[in-house]
Structures are given as structure tokens and as C-alpha cells.
Chemist: 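The following block contains the structure, expressed as C-alpha cells.
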2 protein chains.
Amino acid sequence: MKKTVLVFSGLILGIILFIRLSTYTILSGYSTLEFVIALIALVFFFIGMYLNKRSLGHLKKPQTKIDREKINTLGLSSREYEVLENISEGLSNKEIAEKLFLTESTVKTHVSNVLLKLNAKRRTQAVQIAKRFEIL
Amino acid sequence: MKKTVLVFSGLILGIILFIRLSTYTILSGYSTLEFVIALIALVFFFIGMYLNKRSLGHLKKPQTKIDREKINTLGLSSREYEVLENISEGLSNKEIAEKLFLTESTVKTHVSNVLLKLNAKRRTQAVQIAKRFEIL
DNA sequence: ACCATTTTGGTACTTAAGTATGAGCCGCTG
DNA sequence: CAGCGGCTCATACTTAAGTACCAAAATGGT
């Protein structure tokens, strides 16, 4: 953010200096004024794009908004979804059971239901499908 | 892309018209010229940012560049990495074996090595760790 | 209060995943 | 050329995952 501000103010100064100079030297006709302004507009346009790309590039997480509509469409219950989340974290059934204060047997039931509803054969596939559906 | 071009050219026209008018009306002193130009620069800066954000927003995949350095650091061989990729696709050992023309037994060896090198206990966890390391 | 769904849990079983260990083959490098 | 690392495959196990089927609470809406 510091860099951005520095670069930005530096460019503002540069532009102002450029104007100061151009008003007394290059700038003679009207068309030249328009050209200079168009150039400035273009330059700042691309600077805006560049800086934006940089700042967005720093965002590590894709921030995929969870499609709750889709979860309902698939018929996933809240508990089943909760289990699915933990599967994607790489937890085992036993670990999920401990985390959610359940028996492993209950977790297995939920997992089986999730696989059915997502039409997956394995938990790994379920995660992949869930991400395609943007519910994870 | 069509929209972008249209909006862009429209704005260029608008700016030129604005200049035409301002040169004969508002624009009287030097400071005003600078102000107008700064304004244009600012406007185009934000237009650039906005358009860039829009176009980047259409990208569905986060485009996480694969950190090949990290792969080497972890000591993952190319075959092991290939297996890891297929694990993240939700494939079973048997399916990976068929896809890569291997026996299931070889795939299991690779999987075991991957789990060791990623310090994971399960294939699901391996995928999660790999994504944190940005190698997937 | 009743019904549908969810949540929970169990048993019994099958299948997949993962570990340990050994071994042959190939290509590269000191 | 000996050796190392990577790739392949196998056997024998252990453990986790997943299926099928059932059933009792809990929950929530009409």
C-alpha cells in the first residue's frame, strides 16, 4: 500500500511538471492539447489496470462465495454439509467425529449421504465436485 | 470485450468534447488546466481499475501459479506429483493406475511417498496441504 | 399433536487405502 | 563401472472408508 501511494503521488507530480513544461513549449495548437490529455488519460488508465491487477494478485484466497442455493438444491442438510467441510480439510471420519462430538458411525452415515447426494464414489471426489459446484 | 471498447471510446469522445467546451468557457487560468487534467487522470485511473476488476472477476479459476520451487524442496518426483494431481481430481488408486498405465501397487507406492513427503496421513489431507503450499 | 425430516447411533460386511519390505530395471554421474 | 535415485511391481498386512439396513430420539412446521 505504501508503494502504491508513493508511485501514485510520484506520477501526479510528474504529470504536473509535464503540463508546466508543455504549456510553454510543445503546446501550441488545440489539437496538441487534446493529444496530450488523451495520452494522460491512457497512461492513467493502464496504471489503474496495472495497480489493480497487482493488488488483486496479492489476494491469496479466491474467495469463492458459497452457493447456498446449490446446497439446498442438492438436498444437503446442515450437518451433512458440516461433515463435507471437514472432509475437505483432510480429516478422517474419526477426527470429524471427535470434532463434532459424534460417534464415527454417525459420521459414516453422513458421509454416505453426502456421497449419494453429490453423486460421488469417494470423499476425495466429493470434495472436487463440491468445489465445482462452488459450495466449498 | 465489445463493451469495454464501446465504453472506452465513448469516454474518449466525452473527454474530447469536455475539453472543447472547457477551453472556451471554464478554462481561464493555468491552475484550472492542471486541475482538469488531474481530474481526467483520476477518472481514467479508476476506470482502469474498474474495468480490470470486472475482467478479472470473470475468471472463474483463481489461477494459482504452481510453485515448482516448492515441489523440488519437498522432494516430490514428477511421477509422484502426477499421482498427487490425480488424487486431487478425486480418482481412486485403481483409476489413477489405469490412467497412467501402471499397476495399482505402483500407485500405492507413489501415494505412500507423497504422504510421507507432504507429512500427511491421508490423501485428502495431502490435497489440502498441497493447496496450502500452492503446488496444486 | 402429528408428520416429515434430520440427526444420531448401531451391527455386519465389503472394498479401498495405506504400510512395510523387498526387488528388478533404467539412466545418470562421479 | 559402481552407485544412487527414480520408477516399476509384488506380497502380506493393518487400518480406514464406505455400504446396507435398521431404528430411536430430536427437531420443526402446520
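Below, each value reflects all heavy atoms present in this structure, side chains not excepted, and no hydrogens, waters or symmetry copies.
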Chemist: If you compare every side-chain N and O of Thr103(B) against the phosphate oxygens of dC9(D) (OP1, OP2), does one of them come in below 4.0 Å?
Modeler: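 Checking Thr103(B) against dC9(D): at least one side-chain N or O falls below 4.0 Å of OP1 or OP2.
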Chemist: Could you tell me the separation between the CD1 atom of Ile96(B) and the P atom of dA16(C), rounded to a whole number of Å?
Modeler: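 From Ile96(B) CD1 to dA16(C) P: 13 Å.
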Chemist: Which is more 5' along DNA chain D, the nucleotide nearest Ser105(B) or the one nearest Ser78(B)? Just name the residue.
Modeler: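 Going by which nucleotide is closer to the 5' end, it is Ser78(B).
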Chemist: Is it the case that the side chain of Asn86(B) and the backbone of Glu82(B) share a donor-acceptor pair, with hydrogens and angles ignored and the cut-off at 3.5 Å?
Modeler: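 Checking the backbone N and O of Glu82(B) against the side chain of Asn86(B), a donor-acceptor pair under 3.5 Å is found.
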Chemist: Quickly work out the Arg123(A) CZ to dT15(D) C1' distance and round it to whole Å.
Modeler: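 Distance, rounded to whole Å: 13 Å.
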Chemist: What I'd like to find out is whether the side chain of Leu74(A) reaches to under 4.5 Å of the side chain of Phe133(A), using heavy atoms alone.
Modeler: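 With C-beta onward as the side chain, the pair touches.
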Chemist: Using the C1' atoms of five pairs at each end, what's the angle between the two axes of the helix from dA1(C)-dT30(D) to dG30(C)-dC1(D), to 10 degrees?
Modeler: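 Answer rounded to 10°: the end axes differ by 50°.
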Chemist: Rounded to whole Å, please give me the gap between CD1 in Ile87(B) and P in dA16(D).
Modeler: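 One finds 18 Å between P of dA16(D) and CD1 of Ile87(B), rounded.
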Chemist: Which whole-number value in Å describes the distance from Leu102(B) CG to dC7(D) C1'?
Modeler: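 After rounding, the gap between these two atoms is 9 Å.
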Chemist: Output yes when at least one side-chain N/O atom of Arg122(B) is less than 4.0 Å from OP1 or OP2 of dA16(D), else no.
Modeler: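 Answer no for this pair, as no side-chain N or O of Arg122(B) is under 4.0 Å from OP1 or OP2.
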Chemist: Rounded to whole Å, how long is the line connecting atom CG of Leu116(B) with atom P of dG6(D)?
Modeler: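 Rounded to whole Å, this separation is 13 Å.
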Chemist: Say whether, by atom type as modelled, one donor and one acceptor occur between the side chain of Ser112(A) and the main chain of Thr109(A) under 3.5 angstrom.
Modeler: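 Between the backbone of Thr109(A) and the side chain of Ser112(A) there is no qualifying donor-acceptor contact (under 3.5 Å).
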Chemist: Donor-acceptor pair, distance only, cut-off 3.5 Å: does the side chain of Gln125(A) make one with the backbone of Lys121(A)?
Modeler: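 Such a contact is found between Gln125(A) side chain and Lys121(A) backbone.
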Chemist: Is Thr73(B) reaching over with its side chain to a backbone N or O of Glu69(B), donor-acceptor style, under 3.5 angstrom?
Modeler: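 A pair under 3.5 Å: yes.
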Chemist: So that I can tick it off, tell me whether Lys65(A) and Glu134(A) are bridged by a salt bridge, with the cut-off set at under 4.0 angstrom between side-chain N and carboxylate O.
Modeler: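 No salt bridge links Glu134(A) with Lys65(A).
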Chemist: With distance as the sole test, does Tyr81(A) use its side chain to make a donor-acceptor pair with the main-chain N or O of Ile135(A) at under 3.5 Å?
Modeler: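 Checked: pair present.
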Chemist: Any side-chain heavy atom of Ile66(B) within less than 4.5 Å of one from Ile71(B)?
Modeler: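 A side-chain contact exists here, since the closest heavy-atom pair is under 4.5 Å.
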Chemist: Without decimals, in angstroms, what is the distance between Glu82(B) CD and dC7(D) C1'?
Modeler: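 Roughly 12 Å, once rounded to whole Å.
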Chemist: Of the nucleotides dC9(D), dA16(C), dT7(C), which has the atom closest to the Ser92(B) side chain?
Modeler: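 Taking heavy atoms from C-beta onward, the closest nucleotide is dA16(C).
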Chemist: Would you give the length of the straight line joining atom OG1 of Thr106(A) to atom CD of Glu104(A), rounded to the nearest 0.5 angstrom?
Modeler: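 Those atoms lie 10.0 Å apart.
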Chemist: For nucleotides 19-26 of chain D, print each protein N/O atom paired with a nucleotide N/O atom at under 3.5 Å, atom names and distance only.
Modeler:
residue	atom	partner	partner atom	Å
dT19(D)	OP2	Ser112(A)	OG	3.0

Chemist: For dA17(D), take OP1 and OP2 only and decide whether either is under 4.0 Å from a side-chain N or O of Asn93(A).
Modeler: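 Yes.
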Chemist: Any side-chain N or O of His110(B) under 4.0 Å from OP1/OP2 of dT8(D)?
Modeler: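 Answer yes for this pair, as a side-chain N or O of His110(B) is under 4.0 Å from OP1 or OP2.
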Chemist: Would you say Thr106(A) places a side-chain N or O within less than 4.0 Å of OP1 or OP2 belonging to dG9(C)?
Modeler: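 True: Thr106(A) side-chain N/O within range (under 4.0 Å) of dG9(C) OP1/OP2.
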Chemist: Calculate the interatomic distance between Glu104(B) atom CD and dT19(C) atom C1'; express it in whole Å.
Modeler: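 So the CD-C1' distance, Glu104(B) to dT19(C), works out to 14 Å.
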Chemist: What verdict does the side-chain contact (heavy atoms from CB on, under 4.5 Å) test give for Arg79(A) and Leu102(A), after you've listed the backbone C-alpha separation in whole Å, the side-chain angles of each residue and the deciding distance to 0.1 Å?
Modeler: CA-CA 11 Å; Arg79(A) 210 57 165 161; Leu102(A) 298 171; 3.9 Å; yes
Chemist: So, are Glu95(A) and Arg122(B) salt-bridged, with charged N and O less than 4.0 Å apart?
Modeler: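 So Glu95(A) pairs with Arg122(B) through a salt bridge.
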Chemist: Categorize Ser77(B) for me: base, sugar-phosphate, or nothing, with a 4.0 angstrom heavy-atom threshold over every strand shown.
Modeler: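 Sugar-phosphate: the residue Ser77(B), judged by heavy atoms under 4.0 Å, touches backbone atoms but no base.
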Chemist: Using atom CG of Leu84(B) as one end and atom P of dC7(D) as the other, report the distance to the nearest whole Å.
Modeler: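 Those two atoms, CG and P, are 14 Å apart.
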Chemist: Which pairs, protein N/O on one side and nucleotides 28-30 of chain C N/O on the other, fall under 3.5 Å?
Modeler:
none

Chemist: Quick check: does any side chain N or O of Lys117(B) sit under 3.5 Å from a backbone N or O of Gly75(B), one acting as donor and the other as acceptor?
Modeler: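 Confirmed, Lys117(B) side chain pairs with Gly75(B) backbone.
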